[in-house]
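The chains referred to below are lettered A, B, ... by the order of the sequence lines, with proteins before strands, and numbering in each begins at 1.
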Protein chains: 2
Amino acid sequence: MVTLEDVAKQAGVSLATASRVLNGSTRQVGAALRARVEQAADELGYRANIAAQTLARGASNVIGIVVHDLTDPYFAALADGAMRAAATEGLLVMVGTTHRDPEQEIAYVRTLHAQRVRAVLLAGSRVADPAVTGRLREELARYQEGGGRAACVGQDLLGVDTVAPANRQGAAELARALAGLGHTRFAVLAGPPHLVTAADRCAGFREALDELGLPAPQVIHGPFDRDGGYAAANQVGAEVTCVFAVNDVMAVGALAAYRERGVRVPEDVSVAGFDDIVTLRDHVPALTTVRLPLKDMGARALELALNEDRPVAVEQVAGEVVLRESVRRMT
Amino acid sequence: MVTLEDVAKQAGVSLATASRVLNGSTRQVGAALRARVEQAADELGYRANIAAQTLARGASNVIGIVVHDLTDPYFAALADGAMRAAATEGLLVMVGTTHRDPEQEIAYVRTLHAQRVRAVLLAGSRVADPAVTGRLREELARYQEGGGRAACVGQDLLGVDTVAPANRQGAAELARALAGLGHTRFAVLAGPPHLVTAADRCAGFREALDELGLPAPQVIHGPFDRDGGYAAANQVGAEVTCVFAVNDVMAVGALAAYRERGVRVPEDVSVAGFDDIVTLRDHVPALTTVRLPLKDMGARALELALNEDRPVAVEQVAGEVVLRESVRRMT
DNA sequence: ACCCTCCCGGAAAGCGGTTTCCAAGTCTGC
DNA sequence: GCAGACTTGGAAACCGCTTTCCGGGAGGGT
């Protein structure tokens, strides 16, 4: 590999001068030398060794993002938003996927800490297990003690800057909207009980129904993915006229289940989701859902993480109910 | 930040010993010292500085993946496959997104080179511009000269290990299958002419029709995304009974266009795509397409890149025609 | 003309690890 | 009981770059 020393030698200058020319410095270098160095670097095909730079500078230009599953469009959108924001700051992005294993999440924070990344972004729901959350908090705290910065998209459980989707309120608004259409008997495909995002959405929905004086919904737990929605849909009681799946991907699974059983949506049963995943906007029937500005949230989380010292910030992001054809008005 | 020296001091041992205990070495360290070092590291919350390790070892444990767009499920699947494979090898992943800008792609190779990543994976179609391809090749060659490894998913145009989806053959098989159902008048929503993947799929389709003695299809160029499919669908001639969109996402756009216009699929017109994107499997009507094992391809590309020296490998990956309800049999 | 800045080039000290090379034990086998 | 082979701990060189500190020369004010 070509080193800076090779370049300096070839250009007949010192290491210091070569460094100043090639890797941005506040100091000026005379035009003649500057040209010689640049030419030498070009001829030799010099590429700075960033590991060495990081070590010498004591700061890297990499950030880390930890997501559960990149093939889940929810996380893809979040990550994409953060990556665009990172790109505008000239930062590189390291991505880790946990596949919903909290231990993996902790391990990634540790690894990213070891990498001395500038910031760590944690995307995705926390789990309700205080032991796990506690260990993650510790790991993050250690990282931050060493000057690392961190932010999270999801629940404010980690003591770091947080972009928090208003899951409860979004679900509540959705419930009110659906009730406004005349529905009274609901089911919630609620996902795993320990997943805070799922639990919050479910709770917000239930509370709103309660406030409206409507009967409590049938709550069906299961996996937080397409197949979870599919399976859960098959357990929905006959009296239910409207099903709320706590995310869009589950809602699509539920729609598939109904389609296979010959149950018409929305004629026989209405279905709503949450997130407004872009890739699913062309689904038929079009999904009623709560829109979350995922890309912005990812970008915002990065901004928060990078912003200089100030008290820990928690930003609520409101969702917007989007009524589409998967839901019908009861006469 | 806690350094190895701090740990060594606290444990009362030398730097060398501390290093050997904490960061895997071939050499043994006595149980007593080992315990002391481990305890000290734990108490202090030591995290090795990977930049320093990379520098000292001359090898990093990071790989780079360059994709066009993470929110495109095609790339998400590819990246996910590669990331899983990387995780089993204990490698970290750096992801760059180019948003289909070839300059960005080159820039990323340069940056990843500077990072001295172990391997670079380039995912996604090449463009037919020899100048751009040439510069990318050069950049890759430089990287490889320095001991870097590279592989690509797409066309064998870069002189590196390649996992090449059999776009021509897949499209040809699809054409034959569709012709077998009695279709004779086709349109191809062909994407951008300079995009090799799109061009290959289009060409394979046309050639197969030609061999069957069928009339040449109407070819409509446009963007390679959902909106491109939507727009192109509106230009399809009235005589056409079957539309081939060169990827699934475009096909979904086309379906949306037809739906809006009240054209029934498959009754009035049949539509087929390419890729068999998982997220779209629940689309209605279910999309006839050519299945590509995207995750495997991503994983395989990483394997190829990591494998020790041997001649450059090019592996064809066959697609499998999947007939679903978006296509009807002509009577 | 002289003194004081200011500017620019180079030498060298780190940054935080790894690893080679020594030296001092500790085991063996006879 | 002792030479020789192993094992284990430490000192120090080194990885490639940044940056401080110095010194010499040019420019400017009086």
query = Could you state the CZ-P distance from B:R34 to D:dT8, rounded to the nearest angstrom?
reply = 10 Å

B:T17 or A:A52, whichever maps to the more 5' nucleotide of DNA chain D = B:T17

B:R20 side chain, from C-beta outward: closest of C:dT18, D:dT19, D:dG9 = D:dG9

inquiry  = Could you tell me how far apart A:N49 (CG) and D:dT18 (C1') are, to the nearest whole angstrom?
reply    = 13 Å

key: Sugar-phosphate, base or nothing in reach of A:G58, heavy atoms under 4.0 Å   = nothing

message = From the set C:dC21, D:dT19, C:dC8, return the single nucleotide nearest to any side-chain atom of A:R27.
response = C:dC8

message = So for atom CD, which belongs to B:E5, do other residues, nucleotides or ligands contribute more than 12 heavy atoms lying within a distance under 6.0 Å?
response = no

query = Heavy atoms under 4.0 Å, any strand shown: does A:A48 hit a base, just sugar-phosphate, or nothing?
reply = sugar-phosphate

task = Grab the CD-P distance between A:E5 and D:dT18 for me, whole Å please.
result = 13 Å

message = Below 4.0 angstrom, which residues in residues 8-16 of chain B have at least one non-hydrogen atom near DNA chain C?
response = B:A16

request  = Taking only the side-chain heavy atoms of A:T3 (C-beta and beyond), determine which of D:dG16, C:dG10, C:dT19 contains the nearest atom.
outcome  = D:dG16

inquiry  = Given C:dC21, C:dG9, D:dG16, identify the nucleotide with an atom nearest to the side chain of A:L33.
reply    = C:dG9

task = Considering just the side-chain nitrogens and oxygens of A:Q53, establish if one lies under 4.0 Å of OP1 or OP2 belonging to D:dT18.
result = yes

query = Rounded to the nearest Å, what distance is computed from the CD atom of residue B:Q28 to the C1' atom of nucleotide D:dT7?
reply = 9 Å

task = Using atom types as modelled and distance alone, determine if a side-chain donor or acceptor of B:R137 lies under 3.5 Å from a backbone N or O of B:L157.
result = yes

ask   = Can you tell me if A:R118 uses its side chain to pair, donor with acceptor, with the backbone of A:N61 under 3.5 Å?
value = no

